[in-house]
S.K.: 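My structure is below; once you've seen it, I'll send some questions.
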Amino acid sequence: MASRKRSPDSCGESSLPAELRSIYRLLLQAYGRQHWWPGTSPFEVVVGAILTQRVAWSNVERAIARLKDAQLMDPASLAKAPLDQVASLIRPAVYYNAKAEKLKAFLNVLSERHGGDLAHLFRLSLPSLRSELLSVRGIGEETADAIILYAAGKPSFVVDAYTRRILSRLGLIDEKARYEEIRALFMENLRPDVPLYNEYHALLVRHGKERCRPRPACEGCPLRARCAFPDAP
DNA sequence: GTCCGGCCGA
DNA sequence: TCGGCTGGAC
């Protein structure tokens, strides 16, 4: 398929920063605020970020509720709990054995390098925090950025499959663009603003779930006027 | 049957 | 780049 990527310097086109802000406004207008992250404590956000990998959030909610019921929603308690107990509690979150290992891997780093204190970890600078998180087996780029933004409250833009699909259909990136390229598109064209990054990612998820699906519902789409996709089926 | 707020190792 | 992980909602 031919690339839909627009020429960055084509005439009459608004600048990228203006384009990204405009998309944000349209999404916010269409869907309203999303109130992310739906977790209470920073630790719960970390747990949710790992559990939600490739899984519907409704499943994650069940898993989190089970951890809370078992009084394990804090680093010290969860670190002490046997692996198979954790796995069985988070079963609704799918890939439960793998994810129990991931939680343990994170807790090991937290314990060994930060005295088990999340606030100590989050005191690192954004780049240091990011590489620290990426050093944990089971935490990749998206999960790391979600933790940085929604748990640590630092401005790292979160990119996911929805973001990639929506931006490629809009013609702003190639559909095979790498994670870092997409993240840079936002971070080099928007001010490092935590509430903005928070809401923007949440809105993209909402839009991708509800409308810009694999088979998109373009009729009445709030972004249709600036999208390169509607001329296809 | 499809679709989920990915990541790792081969 | 591709298969494995592997439950629940619609």
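Naming: A, B, ... by sequence-line order, numbering from 1 per chain.
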S.K.: Can you tell me if Arg178(A) touches the phosphate of dT1(C), counting only side-chain N or O atoms and a distance under 4.0 Å to OP1 or OP2?
M.R.: yes
S.K.: Among Ile50(A), Leu107(A), Val109(A), Ile147(A), which one satisfies side chain to side chain contact (heavy atoms under 4.5 Å, CB included) with Val136(A)?
M.R.: Val109(A)
S.K.: Let's see if you can work this out: which of dG7(C), dG6(B), dA9(C) has an atom nearest to the side-chain heavy atoms of Val94(A)?
M.R.: dG7(C)
S.K.: Side-chain N or O of Asn97(A) less than 4.0 angstrom from OP1 or OP2 on dT6(C)?
M.R.: yes
S.K.: Round to a whole Å and report the spacing from CD1 of Ile50(A) to C1' of dC5(C).
M.R.: 16 Å
S.K.: Tell me which nucleotide among dC7(B), dT6(C), dG7(C) gets nearest to the side chain of Glu142(A).
M.R.: dC7(B)
S.K.: Could you tell me whether Arg183(A) and Glu180(A) make a salt bridge, using a distance below 4.0 angstrom between a side-chain N and a carboxylate O?
M.R.: yes
S.K.: Determine the Euclidean distance between corresponding P atoms of dT6(C) and dG9(B); express it in Å to zero decimal places.
M.R.: 15 Å
S.K.: Within this structure, what is the CZ-to-P distance between Arg164(A) and dC7(B), rounded to whole angstrom?
M.R.: 11 Å
S.K.: CD1 of Ile147(A) versus P of dG6(B): gap in Å, rounded?
M.R.: 14 Å
S.K.: Contact between Glu142(A) and Val159(A) at the side-chain level, heavy atoms closer than 4.5 Å - yes or no?
M.R.: no
S.K.: Calculate the interatomic distance between Tyr95(A) atom OH and dG8(C) atom P; express it in whole Å.
M.R.: 13 Å
S.K.: Using the side-chain heavy atoms of Tyr162(A), tell me which of these nucleotides is nearest: dG8(C), dG6(B), dC4(B).
M.R.: dC4(B)
S.K.: Please check the phosphate of dT6(C) (OP1 and OP2 only) for any side-chain N or O of Tyr96(A) closer than 4.0 Å.
M.R.: no
S.K.: Kindly list each side-chain donor-acceptor pair under 3.5 angstrom involving residues 63-73 of chain A, sequence neighbours excluded, with atom names and distances?
M.R.:
residue: Arg66(A); atom: NE; partner: Leu89(A); partner atom: O; Å: 2.6
residue: Arg66(A); atom: NH2; partner: Ser88(A); partner atom: O; Å: 3.0
residue: Lys68(A); atom: NZ; partner: Glu44(A); partner atom: OE1; Å: 3.2

S.K.: Rounded to the nearest 0.5 Å, how far does OH of Tyr96(A) lie from CD1 of Ile90(A)?
M.R.: 10.0 Å
S.K.: Establish, with yes or no, whether the OP1 or OP2 oxygen of dC3(B) is under 4.0 angstrom from a side-chain nitrogen or oxygen of Arg54(A).
M.R.: no
S.K.: Using atom CZ of Arg213(A) as one end and atom P of dC3(B) as the other, report the distance to the nearest whole Å.
M.R.: 10 Å
S.K.: Does the side chain of Tyr162(A) come within less than 4.5 Å of Lys209(A)'s, by heavy atoms?
M.R.: yes
S.K.: If each of Arg165(A) and Leu134(A) is mapped to the nucleotide of DNA chain B with the nearest heavy atom, which maps nearer the 5' terminus, i.e. the 5' end?
M.R.: Arg165(A)
S.K.: Figure out the NZ/P separation between Lys209(A) and dC10(C), and round it to whole Å.
M.R.: 12 Å
S.K.: Is the Tyr200(A)-Phe157(A) ring centre distance short of 6.0 angstrom?
M.R.: yes
S.K.: Indicate the ring-plane relationship of His120(A) and His114(A), choosing parallel, tilted or perpendicular according to the 30° and 60° boundaries.
M.R.: tilted
S.K.: If you measure from the C1' atom in dT1(C) to the same atom in dC4(B), how many Å do you get, rounded?
M.R.: 22 Å
S.K.: Check this one for me: any side-chain N or O of Thr52(A) less than 4.0 Å away from OP1 or OP2 of dG6(B)?
M.R.: no
S.K.: Could you tell me whether Arg62(A) contacts a base, only the sugar-phosphate backbone, or nothing, with contacts defined as non-hydrogen atoms closer than 4.0 Å?
M.R.: sugar-phosphate
S.K.: May I ask you to decide whether Arg224(A) forms a salt bridge with Glu219(A), counting only side-chain N to carboxylate O separations under 4.0 Å?
M.R.: yes
S.K.: Counting side-chain heavy atoms from CB outward, which of dC8(B), dC5(C), dA9(C) is closest to Arg137(A)?
M.R.: dC8(B)
S.K.: Grab the CG-P distance between Leu51(A) and dC7(B) for me, whole Å please.
M.R.: 13 Å
S.K.: Short of 4.0 Å, heavy atom to strand atom, which residues of residues 98-113 of chain A count as contacting DNA chain B?
M.R.: Lys102(A)
S.K.: Closest nucleotide of DNA chain B for Ile139(A) versus for His201(A): which of these residues is on the 5' side?
M.R.: His201(A)
S.K.: Once you round it to whole Å, what is the distance between P of dC7(B) and CD of Glu180(A)?
M.R.: 13 Å
S.K.: For Val159(A), which contact category applies under a 4.0 Å heavy-atom criterion: base, sugar-phosphate, or nothing?
M.R.: nothing
S.K.: Nearest to the side chain of Pro214(A), heavy atoms from C-beta on, is which of dC7(B), dG8(C), dC3(B)?
M.R.: dC3(B)
